[in-house]
Structures are given as C-alpha cells and as structure tokens.
Amino acid sequence: MDTKSRLLGLAFASADVLLELDGSRHVVFALGAGPLPGVDPAAAWLGMSLDDMLGETSREVVFEALARITPGVRLPAVDILINCPDQHVRRATLRLFELPELSPAISCALTWEGPACSVVLPDSPPMLDAQGLMGRVRSALEGSAQTAPLAISFVEVLGLAGGEEPHRRATARIEAVLQTSSLDGASAGRLADERFAVVCAADDVREVAAEIRQAGEVEGLVLAVEACASALPDNAPPAVCLKALRFALELYIRQGGAARPDLAFSDSLRQTLKEAEQFRALVQGRKFQLQYQPIVHLETRATHHFEALARLGGDTGPAETIRMAEELGLIEGFDLAVAEKTLRQLERPGFGLTRVAINVSGASLANDDYVVGLLRMTAATPDVCKRLIVEVTETSAIKDLDGANRRLKALQKTGMKICLDDFGAGAASYDYLRRLTADTVKIDGTFVKDVASDRSRTLIAHLVKLAGDLGMTTIAEMVETEEQAALVQALGVEFGQGWTFGRPTAEPVAPTPEPAPARRVGSVTGWA
C-alpha cells in the first residue's frame, strides 16, 4: 500500500468527508460520504462557496475560526449546520487545518452528527398541557399492556421565546422532535414558552437536545438546551408517581431549569412514599383523635348535632393530609376508620340521643366499598343510623354522580341523613344539588365570612331558597360573630356552626346556650 492510500484511510478513520478550500473559500476537492444517501459530495459541492454550504447560524463561528487559522497550528473543532440538497440540513463537526506548503488552501474534515433534517416544517400531533401530560402518564402506568419502564424527560429551550416567524417555525420543529421521541408519538407536552416535558421509554438513547439545537439552527436561532430525565419506578403505586410528578411539573412551570425537576421529582417521590406509609400506619393503628363541634339551631341555640373532626397530629395540617390521602387513594380506609370511632362514641352510655355528622370524601363514593363497610358496622345497631349524618366533602372528586347518588340513597334507607359540604364553593355545586339526593346543605364559609356585604347576602338568600324549594335544610359554617349569626338567620338559614356556638371538644358535649331558652334536658331539634 502506498503512503497516499494509507494517509487517506487514516483521514477517513476520523472523518466522513474531506474537503479542500482555495484562498477564496471555494471547494476545490471533496471526497467521502455525502450528506444524504446517494449524494456525491464532489458532485454536490465542487466549485461552491463555503458560505453557501453553511447554515445561517454556522457562518459566524466558522468565519471566526478561519480568521484565527495559522499554518501548521491545529484549531479546535466547531459544530456547524450544512445545507444539503432536496431542502435538507445536517449537523456536523468541522475541523480546519492549513498546511504551510499548501497555503492558502485550507484542509477540512467533516464528521456527520445525526441524520439529515428537512427544512420543510413537519406535521405533528398537538402538544399536551400539564393536565394532559398527567393523564397520559396515568394511562401508561395503569395500562395492563405497559411493561417497559417509563421516564419523564424535562426539556428547557433557552432562546425559543419570541413572537417572530423564526421562533414560531423553530417551535414547530422542536415540538415535532419531542413528539417523535415520546412514548407513542403523542406524549409530549409544552408547559411554558420554553419548557417541555416528554413521556418516553426509560431506555431511550436519542440525543434529543442535539436534535433540538439543530431544529433551531435550521431557522437561524442559537438555542441553549437543558434536558434531564427521571425514571418512573415500576414498584411505586401509580397514584404516588402522579402526585410526585404533579409537584415536579408545578415547580418546573414556575421556576424552570433552576428547579431541577428531575431532582424535585425524585425527592417528591421519596417523600410521598414516606407520607403514604405513615398515613396507612395512622389509619391501621387508629392513631388519630376525633373532636366534636356543635351545630346549633340558630333560633333556639339548641345543639342539633355535632361534626366529628379528625385531629391527626404532626406538623402537617389535617386538610393537607386528607388531600394527600384522596390523591393517593387512601381516603376510603380513613373515612371508615372515622366512622368506626364515631360509632363507638355514640354507643357509650350517656350518648344515646347524640347525633354526629361524619365526613366522607367524594372519592370514597367512587365504588360500593365505603357504603358496604358502613352498613356492616351499623348492622348490629340499626337504631344508631338515625343519629348519623354523612357529610359529603370534596364533592369535586365525584366522577360518577349517578353512582354516588345510588350509594347515598342506600344509606338514607337506613335512616342516615345526607349533608353536602361547602355548597356554593364550586361551579359544579348546582349540578351536585340536582343529581345528589341530600337532606341538608352546608353553605360555604367564604360566603358567611363576607355576609355583611350585599353580594354575599344575595347569594346566601338564593341558596337558602333553592334548598328550601328542594326540601333541604341549610347550615352556615364558620359563624364567628353574633353579627354573622344574626345576618344568616335573617336570611333564612336554620343552623349554624362556628366558634360563636362552641369549639371542638374531645367529647360531643353540648355547650350551654346564651341566651338559653327553656328546654328539656336531652331533647333534640328535629330535622323538619
């Protein structure tokens, strides 16, 4: 083998294409693998100016390198974008060298990086929002056919925001890249102008960040891409993964790359698993307390019934813990444990006339298990059912209103009363009132706190009339002053709850009303 052939082989061992430029930067020699299959670099580029070969974003960096070139001195490689035939571009690494005996000719070596990309805007499915992304993850985690490990890739593209045409075109390209790299070609989401997340296979080895940079270069944009990924553990319950992912997504939307969403997800996952286990232990060991707050008849101030309020201990407030239990599907066991403790209290001597409202999350009415469990608890003491009020909280968690209504009716047949909590707080409240059979509604405390305003009084008056027309009584919660008590009573509200009438106590003991109308000890006010 002659020296020339040997040197050529060594050159191709470290490059895909060999070029030589003359003093005016035109190609005078080209040999190697073309930018597209079947394209001969000599036929495509001989006589062409290097300026025309380069993508717009690459020209400045190459010209700067050429300005620094010194015969016999090796320059660092530069990343460039090469224009190709048939409206394609391709990323490459360019090395420049000037041999003293060939000066001013420049020797060039090109190494291709990734496949060629069409400059025609691609079509791709629409990007998901955060909720859509969560839904796609939920479907993937719960799908019986899903066996491969999953991951969430978080991608921030700095420099993409902007309303100009290059930014819009680059965004379309980047979205296509992300959808193509996603689990099913349609599982990528755009969370903010420059922030994306992708549901993908955990073993995906695509260089998505490089493809995104190339997509920007095609449109003349220099983009900085930050990407990180977190695998979804296959041994964690889907609800736990989803809660941790929601936390990471919310943090990523607010703070971007500074939040390190992969670390946020991992930390949140560990914390959520820990909290779930602690909550299970709390329920199984009945390591929570109940306190009882009176609900009084506003006219007589006689105690009508009590609401059983859970006290969980620890640093986290009960509302946050209950919300966590609802998200993780743990609330049903807790609701039954609260019912069990309450029934034990009602069966104690001296509490034979006491009525108590127990809270049940709307999530617990998703199937028959809660109702079956409660009916089983009361089967031996059917009389106690007439002293139980089931207060439905978090009605927004009810997905099947007809199914929930059927379950509530089963409880009503035993003599239990049904109360809808926080009525008026959500846009769907009227639909719940129309489709859920209830005996009373509790007016949301935000209206009661603001009852001095004309607007709140008008809303409460309409709610009271609507409930009355449907044969339901009303309770005003969070009544903290006598003025509020007088105002809601004047609007037709029958019952009130709040510190004005009594704070929660360890046992359901009725406070002495002031002023106290004459009443027989142990008497109770009827529902009608």
Side-chain angles (χ1 to χ4, degrees), residues 2-120 159 164-166 169-170 173 210-211 213-224:
D2 60 22
T3 302
K4 181 179 179 180
S5 298
R6 179 172 285 111
L7 291 175
L8 188 62
L10 292 172
F12 280 122
S14 61
D16 293 310
V17 186
L18 303 178
L19 300 175
E20 184 177 308
L21 308 178
D22 63 16
S24 60
R25 297 202 297 264
H26 284 74
V27 177
V28 295
F29 175 83
L31 184 67
L36 295 173
V39 175
D40 180 7
W45 292 330
L46 279 179
M48 181 181 289
S49 169
L50 179 64
D51 302 24
D52 297 330
M53 292 175 57
L54 295 172
E56 182 178 343
T57 58
S58 303
R59 291 171 188 162
E60 183 177 351
V61 65
V62 172
F63 296 162
E64 287 180 356
L66 288 170
R68 300 194 312 270
I69 200 166
T70 302
V73 177
R74 182 186 297 273
L75 292 177
V78 292
D79 294 323
I80 61 170
L81 200 68
I82 293 288
N83 293 323
C84 309
D86 301 326
Q87 293 187 299
H88 280 72
V89 293
R90 192 169 183 180
R91 287 187 304 113
T93 300
L94 174 66
R95 292 175 177 82
L96 303 170
F97 189 73
E98 184 177 359
L99 281 171
E101 58 267 33
L102 294 179
S103 184
I106 305 295
S107 299
C108 306
L110 282 177
T111 302
W112 299 122
E113 304 289 347
C117 173
S118 173
V119 298
V120 179
E164 298 180 359
E165 183 64 21
R169 291 177 61 87
R173 293 185 181 282
E211 292 183 39
R213 283 192 289 270
Q214 174 176 306
E217 290 171 354
V218 171
E219 300 300 335
L221 300 178
V222 177
L223 303 175

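Nearest approach of Pro85 to Pro35, heavy atoms of both residues: CD-CG, 4.2 Å. Residues Leu46 and Phe29 approach most closely at CD2-N, 3.6 Å, considering heavy atoms. Shown here for Leu75 and Ala65, the closest heavy-atom pair between the two residues is CD1-O, 3.3 Å. Of all non-hydrogen atoms in Ala170 and Gly216, the two that sit nearest each other are CB-CA, 4.4 Å. In this structure, Ala30 and Ala42 approach most closely via the heavy-atom pair O-CB, 3.6 Å. Between Ala15 and Ala109, the shortest heavy-atom distance links the atoms CB-CB, 3.7 Å.
Asn83 places a side-chain N or O within donor-acceptor distance of the main-chain N or O of Leu54, the cut-off being under 3.5 Å. Distance alone, capped at 3.5 Å, places no donor-acceptor pair between the Trp45 side chain and the Leu19 backbone.
Between Val39 and Asp86 the shortest side-chain heavy-atom distance does not fall below 4.5 Å. The shortest side-chain heavy-atom distance between Asp16 and Leu110 does not fall under the 4.5 Å cut-off.
Here side-chain hydrogen bond (donor to acceptor under 3.5 Å, both in side chains) pairs that include residues 96-109, with residues two or more places apart or in two chains, are Glu98-Ser103. Counting only residues at least two apart or in different chains, salt bridge (Lys or Arg N to Asp or Glu O under 4.0 Å) contacts with residues 62-77 are absent.
Note that the CE atom of Met53 and the SG atom of Cys84 stand 9.0 Å from one another [nearest 0.5 Å]. Separating the NE2 atom in His88 from the SG atom in Cys117 is a distance of 7.5 Å, to the nearest 0.5 Å. Distance CD1/Ile80 to CG/Leu94: 4.5 Å, rounded to 0.5 Å. Expressed to the nearest 0.5 Å, how far CG of Leu66 lies from CG of Leu21 amounts to 7.5 Å.
Not counting sequence neighbours, the partners of Ala224 by the side chain to side chain contact (heavy atoms under 4.5 Å, CB included) test are Leu158. With sequence neighbours excluded, the residues forming a side chain to side chain contact (heavy atoms under 4.5 Å, CB included) with Arg169 are Leu121, Glu165, Arg173, Glu219, listed by chain and number. In terms of the side chain to side chain contact (heavy atoms under 4.5 Å, CB included) criterion, residue partners of Ser49 (sequence neighbours excluded) are, by chain and number, His26, Asp51, Asp52. Not counting sequence neighbours, the partners of Glu113 by the side chain to side chain contact (heavy atoms under 4.5 Å, CB included) test are Arg91, Thr93, Thr111.
With Leu81 as the fixed residue, the side chain to side chain contact (heavy atoms under 4.5 Å, CB included) test singles out one of Arg59, Glu217, Glu56, Arg213: Glu217.
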